[in-house]
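See structure below.
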Amino acid sequence: MYINRIIYGITALLLVACTHPYEPDVANTWNVNVELSFTDPEFWPENQQIRVGLFTEESSRNPMVSKAINQPESNEPFQISISDVEEGDYTAQVYITENGIYKVSLSALNHLSIYSDTMEKTDAIQLITFNRVQKQVLNNCVVCHGSSAGDIAADLNLTQGYSYENLVGITSYKRPEMVRVYAGSAEFSYLIHVLNEDINFNHAASSSASDEDIQLVMEWIEEGALDN
Ligand code: HEC
């Protein structure tokens with residue numbers, strides 16, 4: 001009799017256990033695809049990565065999740081996929097990192113509410129970086145400002161690797177009351193007056209810069225003249 005009761009008891013317990021399987025308390029996770037494109041991928045800063053990060057209100061400095069890729073190969077749109085994103089509300093940012101360290105923000109995406117697999121697109125991103133300023137504009141000046149042989153005009157070396165420290169925050173040789181590049185203000189930056197061929201600045205050579213070049217350099221200065 002007792003044996004029977006014990007067997008019934010064990011069977012009943014097993015039945016209860018089987019119909020109520022253990023459910024771990026894990027939040028749902030989703031895939032987030034972000035489609036990006038860049039107008040000028042050839043000006044991608046060397047050794048740097050594009051990163052898409054998802055930030056929450058509590059974590060506005062470090063992303064909850066992020067994913068990085070290397071230089072885009074063309075200006076065709078491409079996707080960055082982030083998997084296993086816990087559901088919730090996020091703001092997304094596209095930014096540049098170097099060795100995992102934040103360098104510069106490129107674009108802010110919409111507020112994302114992730115409660116299912118999500119797809120997001122950005123407008124084509126223009127790269128306003130010093131790397132681009134160098135390749136697009138300053139490389140045209142090195143005949144006088146720092147070629148292999150001879151003097152460097154105005155002691156201003158504009159070759160890659162030297163130009164940044166020769167420009168940003170450096171007092172002008174010709175007009176000591178001005179700065180060659182004044183971070184944050186194009187107007188106070190001697191460089192812009194040279195590129196604009198401003199008559200009052202009477203530069204030794206005519207500027208080869210196009211309107212687009214000047215716009216690029218102005219925006220780079222206004223955004224803080226970062227070494228990016
Ligand atoms: C043909 C030679 C030549 C070329 C090319 C040239 N420069 Fe110059 N640059 C000079 C000389 C010489 C000076 C010093 C005298 C003067 O300002 O005219 C100078 C002065 C400057 C100054 C002022 C430096 C200071 O501290 O006062 C800036 C800024 C400058 N150049 C930028 C550029 C940029 C940017 C380019 C390319 C778009 C360029 N230059 C191309 C010869 C040249």
Side-chain angles (χ1 to χ4, degrees), residues 38-51 60-61 71 93-99 101-109 122-228:
F38 289 89
T39 54
D40 314 270
E42 67 272 29
F43 295 115
W44 190 255
E46 271 145 46
N47 303 322
Q48 298 184 4
Q49 294 185 308
I50 314 157
R51 193 172 284 271
S60 54
R61 291 178 64 90
Q71 178 170 8
Q93 278 273 348
V94 185
Y95 49 104
I96 296 180
T97 56
E98 188 168 22
N99 298 325
I101 294 167
Y102 169 87
K103 292 272 290 189
V104 68
S105 235
L106 293 174
S107 168
L109 298 174
T122 63
D123 293 334
I125 295 172
Q126 223 197 344
L127 287 172
I128 309 290
T129 62
F130 185 61
N131 188 278
R132 181 169 180 193
V133 169
Q134 178 70 47
K135 289 184 182 159
Q136 190 172 320
V137 183
L138 303 180
N139 280 355
N140 304 323
C141 317
V142 297
V143 196
C144 301
H145 291 284
S147 62
S148 51
D151 292 341
I152 294 177
D155 212 10
L156 168 60
N157 189 339
L158 293 179
T159 51
Q160 185 156 5
Y162 296 93
S163 50
Y164 188 85
E165 59 210 44
N166 270 256
L167 285 172
V168 180
I170 303 297
T171 304
S172 153
Y173 148 94
K174 236 178 132 181
R175 287 207 186 183
E177 76 280 12
M178 286 194 79
V179 175
R180 286 171 174 170
V181 167
Y182 188 100
S185 168
E187 195 193 330
F188 291 128
S189 299
Y190 198 117
L191 175 64
I192 291 298
H193 296 284
V194 167
L195 295 176
N196 267 331
E197 304 196 304
D198 190 330
I199 201 86
N200 300 320
F201 286 75
N202 192 25
H203 179 241
S206 67
S207 162
S208 49
S210 66
D211 288 351
E212 206 195 21
D213 294 342
I214 295 170
Q215 189 63 29
L216 165 71
V217 180
M218 283 177 71
E219 283 182 32
W220 167 71
I221 293 176
E222 299 284 344
E223 286 179 11
L226 301 177
D227 187 7
N228 54 15

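Below, all heavy atoms of this structure are taken into account, side chains as well, without hydrogens, waters or symmetry copies.
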For I125 and V94, the nearest pair of non-hydrogen atoms, with its separation, is CD1-CG1, 4.1 Å

Restricting to pairs with a member in residues 199-208, which pass side-chain hydrogen bond (donor to acceptor under 3.5 Å, both in side chains), not counting sequence neighbours?
-> none

State which residues pass side chain to side chain donor-acceptor pair (under 3.5 Å) with T171; sequence neighbours excluded, sorted by chain then number.
-> none

Any side-chain heavy atom of T122 within less than 4.5 Å of one from L106?
-> no

Minimum heavy-atom distance between G146 and I152, given as atom pair plus value = CA-CG1, 3.8 Å

For S105 and Q93, which heavy atoms make the closest approach, and how far apart are they?
-> OG-OE1, 2.7 Å

Not counting sequence neighbours, list each pair that qualifies as a salt bridge (Lys or Arg N to Asp or Glu O under 4.0 Å) and has a residue in residues 124-134.
-> D40-R132

Residues that Q134 engages under side chain to side chain donor-acceptor pair (under 3.5 Å), provided they are two or more places apart = N139, S163

Identify, with sequence neighbours excluded, every residue that meets side chain to side chain donor-acceptor pair (under 3.5 Å) alongside T159.
-> N157

Quick one: side-chain hydrogen bond (donor to acceptor under 3.5 Å, both in side chains) pairs with a partner in residues 212-228, sequence neighbours left out?
-> Q136-D213, S210-D213, Q215-E219

Atom pair CG (D211) and CG (N196), whose distance is rounded to the nearest 0.5 Å | 8.5 Å

Return the minimal non-hydrogen interatomic distance between M218 and A186, and the atom names on each side.
-> CG-CB, 4.0 Å

Given side chains that start at C-beta, do those of V137 and I214 come closer than 4.5 Å, heavy atoms only?
-> no

What residue pairs, at least two apart or across chains, pass ring-ring contact (aromatic ring centres under 6.0 Å, His included) with a residue in residues 158-184?
-> F130-Y164, Y182-F188

Rounded to the nearest 0.5 angstrom, the CD-CD1 distance for Q48 and I96 is 5.5 Å

Can you sort out the partners of E46 under side chain to side chain contact (heavy atoms under 4.5 Å, CB included), two or more places apart, ordered by chain and number?
-> N131, K135, Q160

Do the side chains of K174 and F201 get nearer than 4.5 Å, heavy atoms only?
-> no

Salt bridge (charged side-chain N to carboxylate O under 4.0 Å, His left out) filter on E98, not counting sequence neighbours, yields K103

Distance, nearest 0.5 Å, that separates CD of Q126 from OG1 of T39 | 4.5 Å

In Å, rounded to the nearest 0.5 Å, how long is the span from CG of L138 to CG of L191?
-> 6.5 Å

Would you give the length of the straight line joining atom CD of Q49 to atom CG of N99, rounded to the nearest 0.5 angstrom?
-> 8.5 Å

Looking only at non-hydrogen atoms, find the nearest pair between C141 and L158 and report the distance.
-> CB-CD1, 3.7 Å

Side chain to side chain contact (heavy atoms under 4.5 Å, CB included) involving E165 - partner list, sequence neighbours excluded = none

Sorted by chain and residue number, the side chain to side chain donor-acceptor pair (under 3.5 Å) partners of D198 (sequence neighbours excluded) come out as H193

Which heavy atom in A153 sits nearest to a heavy atom in H145, and how many Å separate them?
-> O-ND1, 3.1 Å

Separation between CZ (F43) and OG1 (T129), nearest 0.5 Å, reads 9.0 Å

